[in-house]
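Here the structure comes first, spelled out in structure tokens, and everything after it is commentary.
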Amino acid sequence: MIFLKSDEEIELLRESNQIVAKTHGEMAKIIKPGITAKYIEKIANEFIRDNGATPGFLNYNGFPGAICVSVNEVVVHGIPSNEIVFKEGDIVSVDIGAYKNGFHGDSAYTYCVGEVSEEVMALLRTTKESLYKGIAMARENNRVGDVGYAVQNYCEARGYGVVREMIGHGLGRKLHEDPEVPNYGKRGNGPKLKTGMVICIEPMINMGLRNVVIEKDGWTCRTIDRKPSAHYEHAVAIKKGQADILSSFKYIEDVLGDRFI
């Protein structure tokens, strides 16, 4: 069932998503060589709680981390640990959720650790650009397939693999609501987008093959060919015109400037 949100509920969703956005700003300050995934989880957990929210991912369907930290070939759902130490040239996808006043926030960003290769930068740039291609199609009377097609077409035209198994979703009182929002699709197909819907659009794009495997921990999803994968995510509210982006990369960009994408 798809739940349409009132203006008041959308503002509560915006508040939760802005906490996520500010948490990402804290991540941008500290991700560098030698830092562990567990350390950035600790900082994120404390920041979310200091802002009156709780981590939306912690214990969600048994997930053991407050955030997801996915390095290089890990696409999504990486479990933070002290054994994961960031190295120069790594890329780190950080997916963050915050729950406040009965509503969830959810957004992801892929960070560079020090300097990365131009080949990897091109993957990050394309993935981030594809997110906004999808958002441009997220408007009333379009369909979910229009969003997925925009992402898929943009990335596949540049030679990248579009993950099928992991997709975007509705967002509200539950972290994952209807409709499902794949990063692939056909124009004119899928549920119709209506004012009041809130969805997460989150391209997960691989440098190589689109195929993925799930590791023995039941969570960690990585590329089958172990080539890098990038992940960016915004929560958006559907309107008649341009979608209203409830999350933000502003706080990241305030820290990193234009050095990275």
Side-chain angles (χ1 to χ4, degrees), residues 31 37 63 67-79 84 86-87 89-96 106-113 115-138 143-169 176 179-190 199-236 249 260-261:
I31 290 176
F63 185 75
I67 61 174
C68 299
V69 183
S70 305
V71 181
N72 295 332
E73 74 272 13
V74 178
V75 181
V76 285
H77 302 159
I79 299 171
I84 300 172
F86 304 148
K87 304 184 303 296
D90 283 346
I91 56 172
V92 182
S93 164
V94 181
D95 197 352
I96 299 175
D106 187 7
S107 178
Y109 195 91
T110 301
Y111 297 86
C112 299
V113 182
E115 299 294 333
V116 305
S117 71
E118 181 50 44
E119 184 182 28
V120 169
M121 282 298 295
L123 170 68
L124 301 189
R125 194 175 297 116
T126 297
T127 305
K128 189 177 180 186
E129 289 168 353
S130 78
L131 169 60
Y132 291 99
K133 296 293 184 183
I135 290 172
M137 300 306 296
R143 292 185 178 270
V144 167
D146 298 316
V147 176
Y149 176 83
V151 173
Q152 179 183 11
N153 186 59
Y154 191 77
C155 294
E156 289 186 347
R158 287 154 179 80
Y160 297 115
V162 179
V163 174
R164 302 294 199 274
E165 291 83 356
M166 304 294 171
I167 58 178
H169 52 91
H176 292 127
E180 294 185 336
V181 185
N183 295 303
Y184 60 93
K186 295 181 179 180
R187 288 179 288 191
N189 281 15
I199 60 174
C200 287
I201 302 172
E202 50 178 317
M204 288 156 270
I205 309 300
N206 300 344
M207 185 176 286
L209 299 172
R210 68 174 177 84
N211 309 82
V212 300
V213 295
I214 307 298
E215 300 288 16
K216 291 180 180 179
D217 60 25
W219 286 104
T220 304
C221 173
R222 68 162 176 84
T223 58
I224 197 166
D225 56 11
R226 295 191 179 273
K227 291 186 178 180
S229 183
H231 179 208
Y232 294 85
E233 175 184 15
H234 271 317
V236 303
F249 295 153
F260 300 121
I261 316 176

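Start at 1 with the first residue, then count along the sequence. Quick caveat, the model's predicted, so the values are computed rather than measured.
The two residues V144 and P182 come nearest to each other via the heavy atoms CG1-CD, 3.8 Å. The two residues A138 and I199 come nearest to each other via the heavy atoms CB-CD1, 4.5 Å. Listed here is the closest heavy atom pair of Y160 and M207: CD2-CA, 3.9 Å. When all heavy atoms are compared, the tightest approach of K227 to G208 is CD-CA, 3.8 Å. Contact record, R143 with G188: CD-O, 3.0 Å, taken as the closest heavy-atom pair. Nearest heavy-atom pair across G78 and T220 is CA-OG1, 4.3 Å.
Partners of T127 by side chain to side chain donor-acceptor pair (under 3.5 Å), not counting sequence neighbours: none found. For H234, the ring-ring contact (aromatic ring centres under 6.0 Å, His included) criterion is met by Y132, F249, not counting sequence neighbours. Legend: residues meeting salt bridge (charged side-chain N to carboxylate O under 4.0 Å, His left out) with E73, ordered by chain and number and at least two apart, are R226. Among residues two or more places apart in sequence or in another chain, the ring-ring contact (aromatic ring centres under 6.0 Å, His included) test is passed with F63 by W219. Listed by chain and number, the residues in a salt bridge (charged side-chain N to carboxylate O under 4.0 Å, His left out) with K186 amount to none (sequence neighbours excluded). Partners of N153 according to the side-chain contact (heavy atoms from CB on, under 4.5 Å) rule, which considers only residues two or more places apart in sequence or in another chain, are Y149. Among residues two or more places apart in sequence or in another chain, the side chain to side chain donor-acceptor pair (under 3.5 Å) test is passed with D106 by H169. S93 is linked by a side chain to side chain donor-acceptor pair (under 3.5 Å) to H231, counting only residues two or more places apart in sequence or in another chain. The salt bridge (charged side-chain N to carboxylate O under 4.0 Å, His left out) check on E119 picks up nothing, with sequence neighbours excluded. Applying the side chain to side chain donor-acceptor pair (under 3.5 Å) test to Y111 and every residue at least two apart in sequence or in another chain returns H24.
Between atom NZ of residue K128 and atom CG of residue L131 there is a gap of 9.0 Å, rounded to the nearest 0.5 Å. For the atom pair L124 CG and T110 OG1, the distance stands at 6.0 Å (nearest 0.5 Å). Rounded to the nearest 0.5 angstrom, R125 CZ and M121 CE are separated by 5.0 Å.
Using a distance-only test at 3.5 Å, with no hydrogens or angles considered, a donor-acceptor pair links the side chain of S229 to the main chain of I205. N72 places a side-chain N or O within 3.5 Å of a backbone atom of I91 that can act as its donor or acceptor partner. In terms of modelled atom types and a separation under 3.5 Å, the side chain of D90 and the main chain of V113 share no donor-acceptor contact. In this structure, T126 contributes its side chain and C155 its backbone to no donor-acceptor pair below 3.5 Å. Under a 3.5 Å cut-off, the side chain of N183 and the backbone N or O of E202 do form a donor-acceptor pair.
Residue pairs that meet the salt bridge (charged side-chain N to carboxylate O under 4.0 Å, His left out) test with at least one member in residues 215-224, sequence neighbours left out, are E215-R222. Judged as a salt bridge (charged side-chain N to carboxylate O under 4.0 Å, His left out), the pairs with a partner in residues 146-158 (not counting sequence neighbours) are, in order, E156-R164.
Looking at V181 and I167, their side chains never come closer than 4.5 Å, going by heavy atoms from C-beta outward. In this structure, the side chains of E165 and C221 stay at 4.5 Å or more apart for every pair of heavy atoms. When side chains are defined from C-beta on, S70 does not count as touching V75, because their heavy atoms never get closer than 4.5 Å.
A 6.0 Å sphere centred on CD of E180 holds no more than 12 heavy atoms belonging to other residues, nucleotides or ligands.
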Quiz item: Given the rule in the side-chain contact (heavy atoms from CB on, under 4.5 Å) test, do Y109 and V94 qualify, once you have shown the distances and angles that lead to the verdict?
Solution: CA-CA 6 Å; Y109 195 91; V94 181; 6.0 Å; no

Exercise. Go through V163 and N206 one step at a time and tell me if the side-chain contact (heavy atoms from CB on, under 4.5 Å) criterion holds.
Key: CA-CA 7 Å; V163 174; N206 300 344; 3.5 Å; yes

